[in-house]
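Below: one structure, written as structure tokens.
In the text below, chain A, chain B and the rest are named by the order of the sequence lines, each starting its count at 1.
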Amino acid sequence: MSGRRQYPFHLIEPKWQQHWDAQQTFRAWNPGEVLPQGHPFAQRYGFENKAVTAAQLPPKFYILDMFPYPSGAGLHVGHPEGYTATDILARYQRARGRHVLHPMGWDAFGLPAEQYAIKTGQHPRKTTEANITTFKRQIKSLGFSYDWTREVDTTDTNYFKWTQWIFLKLYNSYFDYFHNKAMPIELLKDAVSEIPKRQTEWANNDYLNSLRNVTRGESEDAIRRHIIDSRRLAFVTEAPVWWCEQLGTVLANEEVIDGKSEVGGFPVIRRPMRQWMLRITAYAERLLSDLDTIDWTDSLKEMQRNWIGKSEGAEVDFAVAASRQSAAETPIIRVFTTRPDTLFGATYMVLSPEHKLVAQITTPEQKKAVEDYKAFAAGKSDLERTELAKEKTGVFTGAYAINPVTDKQIPIWIADYVLASYGTGAIMAVPAHDERDFEFAKKFDLSIVQVVQPPDPKTDWQGFVDDGTAVNSASAELSLNGLPTQEAKKKITAWLESKGLGKKTINYKLRDWLFSRQRYWGEPFPIIWKRDAAGNLYHEALPESALPLLPPKLDDYKPTPDGQPPLARAQDWVNLPDGSTRETNTMPQWAGSCWYYLRYLDAKNPNAFVSPEAENYWMGKSSTLSSPLSTKSTTPGVDLYVGGTEHAVLHLLYARFWHKVLFDLGYVTTAEPFFKLVNQGIILGEDNQKMSKSRGNVVNPDEILVEYGADAFRLYEMFMGPLQDSKPWNTKGVEGVYRFLGRVWRMFIDEHSETEFEQAETTATDPQKHRELLNLLKLNPSIKDVQPTAAQLKTLHATIKKVTEDLDGMRFNTAISEMMVFVNEAIKWETKPASVLREFLILLAPFAPHVTEELWAKLNSSFVIRHSSLSFAEWPKHDPALLIEDTLEIPVQVNGKLRDVIKAPADADNATLEAAAQASEKVKPFIDGKTIKKIIVVPKKLINIVAV
RNA sequence: GCCGGUGUGGCGAAAUGGCAGACGCACAGGACUUAAAAUCCUGGGACCAUAAAAAGUCGUGUCGGUUCGAGUCCGACCACCGGCACCA
């Protein structure tokens with residue numbers, strides 16, 4: 001304990017937390033709900049005992065925290081940073097007259113509970129519930145104004161029923177490229193017969209093209225099914241995926257960092273498996289372009305842009321040169337390039353080792369070398385393949401392609417620096433103007449031909465990758481010579497298109513979202529598998545009425561030895577009477593967090609994931625724009641979303657994707673879920689002198705609360721610095737704001753009565769009675785119901801102005817320092833006007849809600865007040881007239897250097913100020929004997945005399 | 001390598017192009033106290049000077065530029081943090 005307790009927060013804080021709970025003070029109301037008698041919100045707006053419509057309710061403000069994963073370790077000081085910021089703003093917006101939705105919940109599916117289950121046999125539900133209990137107790141002890149009636153838990157059957165329901169929507173939808181939006185799969189069923197007519201529209205789609213092989217020789221029904229299944233937003237594919245042996249599951253691209261699992265850091269390998277995927281790639285362009293409609297930081301938007309990775313270029317077809325023995329069909333190799341202007345410099349080609357044409361084109365002489373290389377590449381981990389500064393490797397296939405503009409034969413190689421998963425899995429190599437191709441060509445002695453002249457003739461053209469002027473780029477039909485890169489691109493692309501050799505193309509790095517996991521503790525897929533007459537396996541969705549689909553009971557949560565998910569152990573559950581079987585994969589943890597912000601709007605609705613009325617009121621209506629292609633919405637959605645940067649790409653991209661699907665299908669009315677988003681910085685460890693960069697998650701808030709209380713903790717979290725910055729935790733710093741709260745307390749409370757209170761507390765035997773002892777405390781006799789002086793009003797209104805502006809700009813640290821300035825000043829007043837102190841309490845209340853409620857109640861017991869509840873008291877407005885100064889102190893500079901500060905009437909004109917400045921005794925020595933060239937007067941601010 | 005961000009006292013930080021360091025921590029001195037804790041008051045960027053001061057000089061990562069005036073704007077560079085990384 002660091003000295004005497006500043007004020008009895010240990011009694012005040014639980015008292016008010018219980019009061020808020022009992023009164024449901026911070027409950028938010030949906031349109032149509034009846035507001036109870038005596039509720040402070042109902043009282044403020046005159047809604048007591050009334051049902052209110054959306055139009056009657058005050059304008060909404062939806063302020064959202066990223067809900068936590070309730071780990072066994074409990075809360076650390078990093079969690080409450082964002083929560084405190086949003087709570088302050090929630091309370092501020094209530095005061096400003098907004099109807100605030102401020103909910104909290106639990107992202108509770110996850111690996112730790114499952115791994116604990118594997119070790120101990122304890123059901124993950126038990127572990128999860130225990131952790132939630134701890135988290136909830138800790139979060140409640142901080143006095144946040146959450147509406148707990150809307151609490152959600154992603155592992156609750158009443159919640160994941162709707163997660164499964166949304167999956168069915170994805171399953172039963174397809175992406176219509178013509179309308180650029182998701183549509184019900186029924187519409188596609190009608191259109192399947194038209195497929196031949198719409199080939200052009202769909203020619204883009206690899207999965208349709210690949211069907212030609214799959215569907216060969218099958219029945220018409222089977223073909224129809226293949227076509228439909230291949231276009232669903234949730235689809236099954238046999239694809240190489242990241243398999244993590246130690247975790248016993250596959251992982252999404254986003255969960256693999258540097259060739260290791262994000263969770264646990266275990267090695268991962270590529271392995272072909274049958275998996276569920278979500279077609280997020282269809283939304284790449286909208287996910288990219290709609291970033292312009294939302295208010296996120298540039299760095300965050302940039303991370304999403306990079307992840308989506310749009311690049312514009314061209315696809316070019318290269319014919320494989322007819323080989324000695326084969327005759328009829330020469331295959332075509334399609335490449336993607338962002339530099340079609342360098343086509344004349346393409347002196348060889350490279351296929352990824354996995355490219356499907358490799359086996360077909362390889363010559364018998366090279367067969368062994370190629371197969372050896374393929375095995376070598378497949379055996380490499382991702383880390384080995386992408387390791388920095390590694391040597392390029394590759395082998396020649398023996399085959400040649402024909403460069404379509406030079407007509408020359410160029411060798412075809414395979415190399416693992418070409419990725420199967422990007423573009424077409426094949427490149428045209430232009431060694432003169434691409435770093436990687438250049439390196440490769442040097443190593444394997446391939447020819448390097450200049451086709452771009454750098455703008456600066458001194459620059460070496462070898463390895464020059466920037467824009468320049470095309471050279472050596474002419475054939476009988478076409479010349480690019482002399483054209484700047486950008487124009488050369490246009491010209492060659494047009495030429496390729498006219499010849500049917502290629503076309504303008506856009507590529508994205510974004511891959512489809514691998515959506516299945518081999519885990520127990522996740523949402524089961526509402527899918528069953530059947531066989532058709534020919535014995536082919538196919539899938540069907542369960543009807544909505546079958547939801548929620550619960551996971552089976554298990555004794556052993558491990559995956560099966562043959563790599564089947566744990567659910568496969570439950571044979572009774574898997575095998576259905578009609579011979580069909582259940583899907584045994586589960587959904588990834590991201591599924592539940594993709595839409596939780598929507599469930600908060602109507603958390604207990606048993607009939608819908610959210611009612612249209614609730615969605616409309618809290619997310620806002622979209623204005624219907626005339627063009628059906630428009631995906632823009634003019635409305636905000638969540639007004640403010642605060643959380644850590646660790647979710648910059650994963651959660652935030654997935655949630656935007658789901659939201660857009662729900663938007664397309666008409667279930668939500670905004671194209672974007674989170675209008676404004678702010679990332680709080682990381683709190684670093686305390687031992688900063690060792691330059692420790694570790695997160696401050698060793699500091700347990702419980703210990704801080706025991707010693708300083710929740711109000712001081714909240715205040716310190718905000719006072720450390722700007723919300724967005726990372727900063728080191730310093731427990732000593734908590735004492736500073738704690739002392740500030742003590743000063744506030746002493747400003748309001750009579751010292752004598754406090755001594756009595758403290759003595760009574762030490763002698764009172766029954767701790768239950770302690771709280772009643774708070775009644776012994778009396779108001780400070782210096783507080784009187786008097787008219788404030790002009791100076792007092794000025795101090796108050798300057799504080800109102802600054803705190804209001806700072807809250808609007810989320811500058812909590814400077815708002816707090818301004819209130820410190822106020823208290824340092826006001827505590828000296830011999831007579832403290834009750835009206836001034838009352839307004840000050842409203843300003844401080846969002847930051848330190850407990851102590852202000854107690855002081856507010858004390859003040860109310862002696863003076864007439866306007867509102868009975870501080871939580872819904874109206875925010876004060878500053879009066880600019882009160883801030884006007886009669887006399888100003890104006891700095892005087894000579895040649896930009898400060899020489900004096902003079903006093904002048906606020907309305908003094910420039911000539912008066914100039915004269916006064918020159919008359920200053922301190923200024924004179926610096927201008928004597930010099931010529932005054934000019935005098936700059938910034939009214940009310942500054943005078944600068946320029947003298948030489 | 002590419003993209004984004006940040007560099008200000010011993011520390012956390014503050015400053016619409018206009019008095020750099022508000023507010024707080026730590027520290028030092030004083031008051032109160034038998035004493036301590038708590039509280040209250042005072043001090044504080046560096047240098048130079050001095051018994052003490054005043055005055056002065058320098059000072060916001062480095063170098064340059066724009067401007068009457070730059071922590072703030074522009075250019076080049078350095079360091080650190082975050083993200084991406086053989087993406088054709």
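A straight line from CD1 of A:Ile749 to C1' of B:A38 spans 18 Å, rounded to a whole angstrom. Protein atom CG of A:Asn895 is 8 Å distant from nucleotide atom P of B:G69, rounded to whole Å. In this structure, A:Leu942 places its CG atom 12 Å from P of B:A70, rounding to the nearest Å. Taking atom CD of residue A:Glu646 and atom P of nucleotide B:C84, one finds them 13 Å apart after rounding to whole Å. Following rounding to the nearest Å, A:Ile427 (CD1) and B:A88 (C1') show an atom-to-atom distance of 6 Å. Taking atom CH2 on A:Trp729 and atom C1' on B:A13, their separation rounds to 16 Å, with Å as the unit. We find that CE of A:Met718 is positioned 14 Å from P of B:A13, with the value rounded to whole Å. Residue A:Leu684 contributes atom CG, which lies 12 Å from atom C1' of B:G82 at whole-angstrom precision.
Remark: A:Glu435 pairs with no residue by the side-chain contact (heavy atoms from CB on, under 4.5 Å) rule, at least two apart or across chains. Under the rule for a side-chain contact (heavy atoms from CB on, under 4.5 Å), the partners of A:Gln486 that lie at least two apart in sequence or sit in another chain are A:Asp467, A:Lys489. Considering only residues two or more places apart in sequence or on other chains, A:Glu921 meets the side-chain contact (heavy atoms from CB on, under 4.5 Å) condition with A:Lys924. A:Ala916 meets the side-chain contact (heavy atoms from CB on, under 4.5 Å) test with A:Ile902; sequence neighbours excluded.
When the side-chain nitrogen and oxygen atoms of A:Gln6 are compared with OP1 and OP2 of B:U39, one or more of them lie within a distance under 4.0 Å. Of the side-chain N and O atoms in A:Thr645, none sit less than 4.0 angstrom from OP1 or OP2 of B:G83. Contact annotation: A:Arg899 side-chain N/O to B:A55 OP1/OP2 distance is not under 4.0 Å.
Listed by first and then second residue, the side chain to side chain donor-acceptor pair (under 3.5 Å) pairs involving residues 808-825 of chain A are A:Tyr92-A:Asp808, A:Arg743-A:Asn824, A:Asp806-A:Arg811, A:Asp806-A:Thr814 (not counting sequence neighbours). Among residue pairs with one or both ends in residues 713-731 of chain A, those qualifying as salt bridge (Lys or Arg N to Asp or Glu O under 4.0 Å) are A:Glu81-A:Lys727, A:Asp87-A:Arg714; sequence neighbours excluded. A side chain to side chain donor-acceptor pair (under 3.5 Å) check over residues 929-948 of chain A, counting only residues at least two apart or in different chains, returns nothing.
Looking at the side chain of A:Val946, the nearest of the listed nucleotides B:C68, B:G12, B:G4 is B:C68. When distances run from any side-chain atom of A:Glu302 to the nucleotides B:G12, B:C84, B:C3, the shortest one goes to B:C3. In this structure, of B:U16, B:A88, B:C19, it is B:U16 that holds the atom nearest to the side chain of A:Lys941.
B:G61 sits 8 Å from B:G9 when the P atoms are compared, rounded to a whole Å. The P atoms of B:C11 and B:G69 are separated by 32 Å, rounded to the nearest whole Å. One P atom belongs to B:U16, the other to B:G71, and the distance between them is 13 Å to the nearest Å. One P atom belongs to B:G44, the other to B:A55, and the distance between them is 13 Å to the nearest Å.
Between A:Thr338 and A:Ile827, the one whose closest nucleotide on RNA chain B sits nearer the 5' end is A:Ile827. Comparing A:Lys828 and A:Met428 along RNA chain B, the residue whose closest nucleotide (by nearest heavy atom) sits nearer the 5' end is A:Lys828.
Residues A:Tyr508 and A:Glu285 have side chains that bring a donor and an acceptor to within less than 3.5 angstrom of each other. A:Trp745 and A:Glu754 share a donor-acceptor pair across their side chains, judged by distance under 3.5 Å alone. Looking at A:Ser920 and A:Arg899, their side chains never bring a donor and an acceptor atom within 3.5 Å of each other.
Using a 30° and 60° split on the angle between ring planes, A:Phe713 and A:Trp729 fall in the tilted class, from 30° to 60°. Using a 30° and 60° split on the angle between ring planes, A:Phe376 and A:Tyr373 fall in the tilted class, from 30° to 60°.
Taken together, the paired segments of RNA chain B that extend over three or more consecutive Watson-Crick or G-U pairs, each closer than 3.5 Å at both contacts, are B:1-7 with B:78-84, B:10-12 with B:23-25, B:27-31 with B:39-43, B:45-47 with B:56-58, B:61-65 with B:73-77.
Nucleic acid contact class of A:Lys897 (heavy atoms, under 4.0 Å, all strands): sugar-phosphate only. In this structure, A:Ser311 reaches the sugar-phosphate backbone alone: every heavy-atom distance under 4.0 Å involves primed, P, OP1 or OP2 atoms, never a base. Using a 4.0 Å heavy-atom distance criterion, A:Asp298 is classed as making no nucleic acid contact. As judged by a 4.0 angstrom heavy-atom cut-off over every strand, A:Phe926 is placed among residues touching the sugar-phosphate backbone only.
Checked against A:Tyr348 for a ring-ring contact (aromatic ring centres under 6.0 Å, His included), the options A:Phe440, A:Phe318, A:Phe438 give a single hit: A:Phe440.
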Checklist outcome for this item: Readout for nucleotides 21-36 of chain B: B = base within 4.0 Å of protein heavy atom, S = sugar-phosphate only, - = neither; 5' to 3' it is -BBSSS----------
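Below the 3.5 angstrom threshold, one finds a donor paired with an acceptor across the side chain of A:Asn944 and the base of B:C68.
A heavy-atom distance below 4.0 Å to RNA chain B is reached by these residues of residues 931-940 of chain A, ordered by number: A:Lys934, A:Ile936, A:Val938.
A salt bridge between A:Arg305 and A:Asp298 is absent, with no side-chain N of the basic residue lying under 4.0 Å from a carboxylate O of the acidic one.
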Can you give me every donor-acceptor pair (side chain of residues 338-345 of chain A, partner residue at least two apart or in another chain, under 3.5 Å) with its distance?
unit_1, atom_1, unit_2, atom_2, d
A:Arg339, NE, A:Asp341, OD1, 3.0
A:Arg339, NE, A:Asp341, OD2, 3.4
A:Arg339, NH1, A:Val465, O, 2.9
A:Arg339, NH2, A:Asp341, OD2, 3.0
A:Thr342, OG1, A:Arg339, O, 2.7

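Taking the ring centre of A:Trp307 as origin, the terminal cationic atom of A:Arg656 falls outside the region bounded by 6.0 Å and 45° from the ring axis.
B:G9 shows a glycosidic angle within 90° of 0 and is accordingly assigned syn.
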Protein-nucleotides 74-79 of chain B N/O pairs closer than 3.5 Å?
none

